[in-house]
Amino acid sequence: MPTSATPAIERIARVLAGRQLSLNGGGSDPHAASAVDASWKDHVDDAYAILHTLREPDAQMAQAGDVAVWRNMIGAVLERPVD
């Protein structure tokens, strides 16, 4: 299974920053990559809040896979601090 080298919290925070800054995400900057690089850490708390919300899968998610594995995976992310 492919995995990402970038931590999940950072990826979520970058998406949140991109949505705020990038023209593609609702912001005004057509070339927001460097701005996202500079500001994603401002969105880390929001990224943690999103994952806290996702700790418990909904019924559709539970039907698709192993709930215990899901909880363990999300729990592992929530236990690891962002550098």
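In this text the structure is predicted, and so the values were computed from the model without any measurement.
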Considering only heavy atoms from C-beta outward, does the side chain of Met73 approach that of Val69 to under 4.5 Å?
yes

Would Glu56 and Arg71 pass as an ion pair if we require N to O under 4.0 Å?
yes

Work out which heavy atom in Ser39 is nearest to a heavy atom in Ala17; give both atom names and the distance.
OG-CB, 3.9 Å

Mind checking whether Met61 and Val77 sit in one hydrophobic cluster, side chains of I, L, V, M, F, W, Y counted as touching below 4.5 Å?
yes

Using atom types as modelled and distance alone, determine if a side-chain donor or acceptor of Arg19 lies under 3.5 Å from a backbone N or O of Leu16.
no

Restricting to non-hydrogen atoms, name the atom on Ser22 and the atom on Ala32 that form the minimum distance, rounded to 0.1 Å.
CA-CB, 3.7 Å

What closest approach, in Å, do Tyr48 and Leu78 show between heavy atoms, and which atom pair accounts for it?
CD2-CD2, 3.7 Å

Starting at CG of Asn24, measure out to NE2 of His31 and round the result to the nearest 0.5 Å.
10.0 Å

List the atom of Ala35, the atom of Asp29, and the distance in Å for their closest heavy-atom pair.
CB-OD2, 4.3 Å

With a 4.5 Å cut-off on side-chain heavy atoms, are Arg14 and Asp37 touching?
yes

Could you state the interatomic distance from CD1 (Ile9) to CD1 (Ile50), rounded to the nearest 0.5 Å?
8.5 Å

Here the gap from His52 atom NE2 to Ile74 atom CD1, rounded to the nearest 0.5 Å, amounts to 10.5 Å

Which heavy atom of Val36 sits nearest to which heavy atom of Gly18, and what is that distance?
CG2-CA, 3.7 Å

Any side-chain heavy atom of Leu54 within less than 4.5 Å of one from Trp70?
yes

Residues Ala62 and Val67: closest non-hydrogen pair is CB-CG2, 3.5 Å

